[in-house]
Amino acid sequence: QVQLVESGGGLVQAGGSLRLSCAASGRTFSSYYMGWVRQAPGKERELVAVIDWSGGITYYADSVKGRFTISRDNAKNTMNLQMSSLKLEDTAVYYCAAGPRTWVRAIGAARNYDYWGQGTQVTVSS
């Protein structure tokens, strides 16, 4: 099992940057594909970024490609999401998630993730 806790959300102006962090507990952290999922009010969960167990392979949704960077440090059991050039439409609750055991499942859908953090709010203002 993996327990996940996000931090780093907040209010930022459009065009600004934020860095989200996810702290994980559990001895098998490094064996999981991990991702960041966001949910805006009235919308379905959106898988925005995924990273493989080694940190060497990443995936980004088209909506964030070129603006967001996902990374992980297995020695510290942490995962980060660096967000830049933020847009109003990036406003959402962002969740750290883990669980898929294959890359196909990891980039397939948010529903493929078994473990979730409590979420952290990101609000982008004009």
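Side-chain atoms are counted along with the backbone in the values below, which use heavy atoms only and exclude waters and symmetry mates.
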Taken to the nearest 0.5 Å, the spacing of I107 CD1 from T102 OG1 works out to 9.0 Å
Please examine the side chains of Q13 and V124, heavy atoms only from C-beta on, and report whether any two atoms are closer than 4.5 Å.
no
Compare all side-chain heavy atoms of R67 with those of K87 and state whether any distance is below 4.5 angstrom.
yes
d(N80 CG, C22 SG) to nearest 0.5 Å is 8.5 Å
For the pair V122 and L20, evaluate side chain to side chain contact (heavy atoms under 4.5 Å, CB included) and give the outcome as yes or no after the intermediate values.
CA-CA 9 Å; V122 171; L20 304 183; 4.0 Å; yes
What's the spacing between T58 OG1 and F68 CZ if we round to 0.5 Å?
14.0 Å
Could you check if a side-chain atom of R19 sits within less than 4.5 angstrom of a side-chain atom of S7, using non-hydrogen atoms only?
no
Output the distance between atom CG (L86) and atom CG (L18), rounded to the nearest 0.5 Å.
6.0 Å
Test of understanding: clusters of I, L, V, M, F, W, Y form through side-chain heavy atoms closer than 4.5 Å, transitively. Do Y115 and Y94 belong to the same one?
yes
Closest heavy-atom pair, A97 versus V37, reported as atoms and distance to 0.1 Å, is CB-CG2, 4.5 Å
Please report the closest heavy-atom contact between A92 and A40, naming both atoms and the distance.
CB-N, 3.8 Å
Any heavy-atom pair between the side chains of V12 and T123 that's under 4.5 Å?
no
Would a 4.5 Å heavy-atom cut-off, applied to side chains only, mark V50 and W103 as touching?
yes
Between M79 and Y59, is there a shared hydrophobic cluster once you connect ILVMFWY residues whose side-chain heavy atoms come closer than 4.5 Å?
no
Flag, side chain of N112 to backbone of R105, donor-acceptor distance under 3.5 Å
yes
Is it true that L88 and V64 fall in one hydrophobic cluster, defined by side-chain heavy atoms closer than 4.5 Å?
yes
Between the CZ atom in R111 and the CD atom in E44, the distance rounded to the nearest 0.5 Å is 9.5 Å
Can you tell me how far the CD1 atom of I70 sits from the CD1 atom of I51, to the nearest 0.5 Å?
5.0 Å
Among the clusters formed by ILVMFWY side chains lying less than 4.5 Å apart, do L81 and L11 turn up in the same one?
no
May I ask you to decide if G99's main-chain N or O and Y33's side chain share a donor-acceptor pair within less than 3.5 Å?
no
Kindly indicate whether a cation-pi arrangement holds for R45 with Y95, taking the cut-offs as under 6.0 Å to the six-membered ring centre and within 45° of the axis.
yes
Give the C-alpha distance, both sets of side-chain angles, the deciding distance and a yes or no for side chain to side chain contact (heavy atoms under 4.5 Å, CB included) between Q3 and W116.
CA-CA 8 Å; Q3 289 77 45; W116 295 81; over 6 Å; no
So does G9 get a backbone contact from the side chain of T120, meaning a donor-acceptor N/O pair under 3.5 Å?
yes
Using modelled atom types and a 3.5 Å cut-off, is there a donor and acceptor pairing between side-chain atoms of E6 and backbone atoms of Q118?
yes
Cation-pi between R72 and W53: NZ/CZ under 6.0 Å from ring centre and within 45° of the ring axis?
no
Six-ring centre of Y32, R101 cation under 6.0 angstrom, axis tolerance 45°
yes
Quick one about S17 and Q82 (side-chain donor to acceptor, distance below 3.5 Å, no hydrogens or angles considered), yes or no?
no
What's the shortest heavy-atom distance between D90 and S85, and which atoms?
OD2-O, 4.4 Å
Should W36 and C96 count as side-chain neighbours, where that means a heavy-atom distance under 4.5 Å?
yes
How far apart are the C-alpha atoms of D62 and K65, what are their side-chain angles, what is the distance that settles it, and do they pass the salt bridge (charged side-chain N to carboxylate O under 4.0 Å, His left out) test?
CA-CA 5 Å; D62 288 342; K65 198 172 296 182; 3.1 Å; yes
Do T78 and S21 come within less than 4.5 Å of each other through their side chains, counting heavy atoms only?
no
Can you tell if the side chain of M34 reaches within under 4.5 Å of the side chain of L4, non-hydrogen atoms only?
yes
